[in-house]
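Atom set for the values below is all heavy atoms of this structure, side chains included, hydrogens, waters and symmetry mates excluded. Everything numeric in this text was worked out from a predicted model, so none of it was measured.
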Amino acid sequence: MAKAQAKMATILSIDGGGVRGLIPAQALGFLEAKLQELDGAEARIVDYFDLIAGTSTGGLVTAMISSPKPNKRPLFSAKEVTDFYLRSLPEIFPQPTRWNLFGGATCLFYGCKYSGQYLGQIFNEMIPNLRLSETITNVLLPTFDIKLQQPIIFSTFEAKENAFKNPFLKDVCIGTSAAPTFFPPHYFTTHDQSSGRSRSFHLIDGGIAANNPTLLAINQIKKMRLKENPGFKNTRPQDYGEILVLSLGTGQEDSQSINYNAKEAAQWGGLGWIQNKGRAPIIDVFMNASADMVDIYMANMFQSGFHKGNYLRIQEANLSGVGVSVDCSCKENLENLVNIGKKLLDKPVSRVDLETGKFEEVQNEGTNKDALTRFAKLLWEEKRKRSSL
C-alpha cells in the first residue's frame with residue numbers, strides 16, 4: 001500500500017511498556033478482525049498503514065507485524081501477537097526464584113536485572129538477516145545513543161537512502177528495548193560498502209526519548225512529503241485533515257494510587273530513584289512524561305484544526321497494583337493485562353483534557369470498539385481509493 005499514491009497518510013503508533021504491550025495487542029487484534037470483515041480473511045494491519053512506529057515493546061510488535069515471510073506476508077497476524085507474548089514474556093523477563101532472589105538488588109551495583117539473551121535469541125530465530133529497509137511497510141523505531149547522548153531514529157525511509165542507517169532489524173529492536181537497569185545497552189556497527197566506512201551505535205531504550213512515537217511518525221511523513229517521496233506527493237501533511245493516526249498506549253498508573261511524593265523523594269538519593277518498593281521511579285517518570293506530552297500536543301493539533309476524528313488515542317489510565325509493572329511476567333499478571341486490554345475496548349472513547357492533562361470521556365462517540373470500527377472503515381476506504389488510481 002505504501003508504494004501507491006496516498007491521498008491520506010495513515011499512521012499506527014505503539015508505545016513502550018514492557019509486558020504491558022499485551023494491552024495494545026488487544027486493540028490491534030480487534031482492528032484487524034474488523035478489516036478482515038471488510039476485506040477478507042487475509043487482510044493484515046500492515047496492508048493499511050503507510051508507517052508503523054513503535055518504541056521498546058511497541059517496536060517488537062511493529063517488527064512482528066511488518067516483517068515478511070518468504071511469501072511477503074507478515075510473520076504475525078495481530079491476533080498471534082498476544083499468543084506469542086504469553087509464551088515468550090516469561091522467558092524475556094524471568095521471575096525471581098529462591099536461587100536468583102537477589103538479582104534485583106545486585107543490578108543496583110553491577111549489570112542489569114535481565115541478560116537479554118532470550119530476547120536476542122527470539123530475533124535471531126524470527127528475522128536473522130532481515131534489514132530495516134526490507135519491512136513490508138515503512139516502520140520507525142526510536143532509540144537513544146548513550147555515547148552520542150542523542151536520540152537515533154531508525155526508519156525504513158532513511159534505511160533505503162543511507163547504508164549506515166540500514167542495520168539488521170533485530171539490532172534496532174534490541175536497541176529500542178534496552179531499558180536502563182532492565183537490559184544491557186546494545187552495541188552494533190553498520191557498513192557502507194561503497195565507501196568502506198563503518199558507523200557504531202551504543203543504544204538504549206527509545207522510551208528515553210519518545211515512549212510515544214506518534215509525533216516522530218508524523219514528522220517522518222512530513223519529511224517524505226518535503227523530499228517529494230512518490231508515495232506521498234499527493235498528501236499535504238501540514239494539513240491534519242490529511243493524516244489518519246491510531247496511537248496505542250500501554251497503560252498508565254491511576255494517579256490516585258501513585259505513592260510517590262516530594263517529601264519522600266527528597267530522601268531517596270540515587271539508588272532510591274532506580275529501585276524503590278519494587279519499582280524504578282526514574283523509568284516511570286521518563287515513560288509517562290514522554291507519552292503524555294506527545295499525546296497532549298497531538299490532541300491539541302488535531303482539535304485546533306477541527307480534525308479531532310482523525311486522531312484516535314486508546315490508553316488505559318487506571319492501572320494499579322502489579323499491573324503497573326513493566327516486567328512482571330507471572331501467568332496471573334499476563335492474563336490480567338490481556339483482560340485489561342479487552343475491557344479497555346468496551347470503555348468510552350476518551351481524550352486528553354488540554355487543561356488538566358487527564359483523560360476525559362468524549363460524548364457521543366461510543367466505546368473504543370466503536371471508534372476502531374469507524375477507523376477500520378476509513379482505512380478500508382483509503383485503500384480502495386488507492387487501488388482505483
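- A salt bridge does not link D192 with K165: none of the charged nitrogens is closer than 4.0 Å to a carboxylate oxygen.
- At least one donor-acceptor pair closer than 3.5 Å links the side chain of S388 to the backbone N or O of K385.
- Side-chain atoms of E80 come within 3.5 Å of backbone atoms of S77 as a donor-acceptor pair (strictly under, hydrogens ignored).
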- request: Could you check T176 against S56 for side chain to side chain donor-acceptor pair (under 3.5 Å), going step by step and ending with a plain yes or no?
  value: CA-CA 5 Å; T176 192; S56 194; 5.7 Å; no
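- Between the side chain of D205 and the backbone N or O of I208 there is no donor-acceptor pair closer than 3.5 Å.
- K347 NZ: more than 12 foreign heavy atoms inside a 6.0 Å radius.
- Atom CD of E361 has more than 12 neighbouring heavy atoms from other residues, nucleotides or ligands inside a 6.0 Å radius.
- Ion pairing between a basic and an acidic side chain is recognised when a charged N comes within 4.0 Å of a carboxylate O; D50 and R386 show such pairing.
- Side-chain contact check for L372 versus L312: some heavy-atom pair is nearer than 4.5 Å.
- With contacts defined as side-chain heavy-atom distances shorter than 4.5 Å, the pair P94/Y114 qualifies.
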task: Before giving the answer on salt bridge (charged side-chain N to carboxylate O under 4.0 Å, His left out), spell out for R20 and E316 the whole-Å C-alpha distance, their side-chain angles and the decisive distance to 0.1 Å.
output: CA-CA 10 Å; R20 293 182 350 220; E316 173 56 61; over 6 Å; no
field: Test side chain to side chain donor-acceptor pair (under 3.5 Å) applied to Q26 and T82, step by step
entry: CA-CA 7 Å; Q26 308 317 303; T82 294; 3.0 Å; yes
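- Taken to the nearest 0.5 Å, the SG atom of C330 stands 11.0 Å off from the CG atom of L89.
- With a 4.5 Å cut-off on side-chain heavy atoms, Y311 and L246 do not count as touching.
- Residues Q95 and S329 have side chains that bring a donor and an acceptor to within less than 3.5 angstrom of each other.
- Applying the 6.0 Å contact sphere to CG of N71 captures more than 12 heavy atoms from other residues, nucleotides or ligands.
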message: Before you tell me yes or no, could you show the steps for Q121 and Q117 under side chain to side chain donor-acceptor pair (under 3.5 Å), namely the whole-Å CA-CA distance, both residues' side-chain angles and the distance that decides it to 0.1 Å?
response: CA-CA 6 Å; Q121 179 183 328; Q117 291 181 351; over 6 Å; no
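- By the 4.0 Å N-to-carboxylate-O rule, E134 lies too far from K160 to be salt-bridged with it.
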task: Assess whether ring-ring contact (aromatic ring centres under 6.0 Å, His included) is satisfied between F93 and Y118, documenting all intermediate values.
output: CA-CA 9 Å; F93 298 100; Y118 187 77; over 10 Å; no
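- Taking a cutoff of 4.0 Å between a charged side-chain nitrogen and a carboxylate oxygen, D47 and R73 qualify as a salt bridge.
- A side-chain donor-acceptor contact under 3.5 Å links T190 to the backbone of F164.
- Residue Y85 is tested with L60, L337, V19 for a side chain to side chain contact (heavy atoms under 4.5 Å, CB included); the sole match is L60.
- A donor-acceptor contact under 3.5 angstrom links the side chains of S247 and T214, judged on distance only.
- Looking at S350 and E360, their side chains never bring a donor and an acceptor atom within 3.5 Å of each other.
- Although no hydrogens or angles enter the test, the distance criterion places no donor-acceptor pair under 3.5 Å between the side chain of D145 and the main chain of L203.
- Using modelled atom types, no side-chain atom of T189 and backbone atom of R199 make a donor-acceptor pair closer than 3.5 Å.
- No side-chain N or O of T250 forms a donor-acceptor pair with one of D15 less than 3.5 Å apart.
- Between the side chain of E253 and the backbone N or O of S320, no donor-acceptor pair lies under 3.5 Å.
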task: Quick one: do I122 and F84 satisfy side chain to side chain contact (heavy atoms under 4.5 Å, CB included)? Show the steps, please.
output: CA-CA 11 Å; I122 287 174; F84 173 84; 3.6 Å; yes
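- At least one test fails for K113 against the ring of F182: distance under 6.0 Å to the centre or angle within 45° of the axis.
- The residue from Y187, F154, F144 that alone fulfils the ring pair (Phe, Tyr, Trp, His ring centres under 6.0 Å) condition with F201 is F154.
- Between W273 and W268, the ring planes lie perpendicular to each other; the angle is over 60°, past the 30° to 60° tilted range.
- For the residue pair T367/D370, the side-chain donor-acceptor check at 3.5 Å is satisfied.
- Under the side chain to side chain contact (heavy atoms under 4.5 Å, CB included) rule, R313 has a single partner from D295, L248, N368, V349, which is D295.
- A salt bridge is absent between R384 and E381: the closest approach of a Lys/Arg side-chain nitrogen to an acidic carboxylate oxygen does not fall below 4.0 angstrom.
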